[in-house]
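Numbering of residues begins at 1 and proceeds along the displayed sequence. Everything numeric in this text was worked out from a predicted model, so none of it was measured.
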Amino acid sequence: MTDLPECFRHLPGWVDAPERLFDELVEQLDWEQNDITIAGRTSKTPRLTCWMGDYAYTYSGVRNEPRPLPPLLAGLQERLIAESGAMYNSCLANLYRDGRDSIGYHSDNEPELGDRPTIASISLGSRRAFHVKQLATGQRWTLELGAGDLLIMGDESQSDYRHAVPKTARPVGPRMNLTFRHFQV
Ligand SMILES: O=C(O)CCC(=O)C(=O)O
């Protein structure tokens, strides 16, 4: 397997006590399951989500009203700003309840994120495969993201690549992902 493109930086085990953070966030966040409309077809998102920050966020035809960022995540956001040198003011949390939950190939390229956004993505809970595809060549990479891992996606990661967490038939427990973003209005 060739190394990931440089605009994806994987830092395994970056979060201290990831199990405790997972348990606290499962309890504390206001999880919801949205309807999404893609190509005129409406269905339930195959995962639970919680959008936090100061601004509403519209993607896949859904307007997400923001919840406040809990103190637990505000501290983490400060550490991520120091680690990556990028700004963050919002967080999208995803909860994959089991292997049937997933996110299809996409990029985080909403206009409010600006050109060449840097996204800091933290994984908690069960290990899952993370797929990356280069648009120009179709080349693909697979990365295993485990509890406490940080993935920083910067530079051309959102313009030239797509990423996904596919469904798996393997018996897996719940996984949470926190993607910190800088929302500009
Ligand atoms: O769960 C992940 O690792 C990725 C989540 C993601 O791609 C997103 O929220 O846009």
Taking the side chain as everything from C-beta on, heavy atoms only, tell me whether Asp149 gets closer than 4.5 Å to Trp14. no

Do Phe22 and Glu27 have side chains that get closer than 4.5 Å, going by heavy atoms? no

Using a 4.5 Å cut-off on heavy atoms from C-beta on, say whether the side chain of Arg97 contacts that of Arg47. no

Under the side chain to side chain contact (heavy atoms under 4.5 Å, CB included) criterion, do Arg9 and Leu151 qualify, and how do the steps go? CA-CA 6 Å; Arg9 190 152 68 97; Leu151 179 69; 5.9 Å; no

For the residue pair Gln134 / Thr137, report whether a side-chain donor-acceptor contact shorter than 3.5 Å exists. yes

In sequence, state the C-alpha distance, the side-chain angles, and the governing distance for Met176 and Val26, and then conclude on side chain to side chain contact (heavy atoms under 4.5 Å, CB included). CA-CA 8 Å; Met176 192 185 298; Val26 165; 3.6 Å; yes

Side-chain heavy-atom pair Phe180, Leu76 within 4.5 angstrom cut-off: yes

Counting only heavy atoms not in Arg20 (residues, nucleotides, ligands), do more than 12 fall under 6.0 Å from its CZ? no

Common cluster, Leu150/Leu72, ILVMFWY with side-chain heavy-atom separation under 4.5 Å: yes

Test: Asp101 and Lys167 ion pair at under 4.0 Å: no

Do Arg140 and Val132 have side chains that get closer than 4.5 Å, going by heavy atoms? no

Single-linkage hydrophobic cluster Leu178~Leu113, side-chain heavy atoms < 4.5 angstrom: no

How many angstroms lie between atom CG of Asp16 and atom CG of Leu21, to the nearest 0.5 angstrom? 10.0 Å

Please answer whether the main-chain N or O of Gly154 pairs with a side-chain N or O of Thr118 as donor and acceptor at a distance below 3.5 Å. no

May I ask you to test the Thr49-Leu92 pair for a side-chain heavy-atom distance under 4.5 Å? yes

Strictly by ring pair (Phe, Tyr, Trp, His ring centres under 6.0 Å), give each pair with a member in residues 111-139 just once, sequence neighbours left out. Phe130-His163

Would you say Ile122 and Leu29 are hydrophobically clustered, going by side-chain heavy atoms of ILVMFWY under 4.5 Å? yes

Among residues two or more places apart or on two chains, list those pairs meeting side-chain hydrogen bond (donor to acceptor under 3.5 Å, both in side chains) that have a residue in residues 169-185. Tyr57-Arg181, Ser121-Asn177, Ser123-Arg175, Thr179-Arg181

Evaluate the side-chain proximity of Leu25 to Leu73: yes if any heavy-atom separation is below 4.5 Å, no if none is. yes

In short, side-chain hydrogen bond (donor to acceptor under 3.5 Å, both in side chains) pairs touching residues 65-78 with sequence neighbours left out are Arg63-Glu65

Does NZ or CZ of Lys133 lie under 6.0 Å from the centre of the six-membered ring of Tyr161, at an angle within 45° of the ring axis? no

Is there a donor-acceptor pair under 3.5 Å between the side chain of Asp98 and the backbone N or O of Arg100? yes

For a 4.5 angstrom cut-off between non-hydrogen side-chain atoms, does Pro166 reach Ser102? no

If only side-chain N and O atoms count, and only distance matters, is there a donor-acceptor pair under 3.5 Å linking Asn89 with Asp54? no

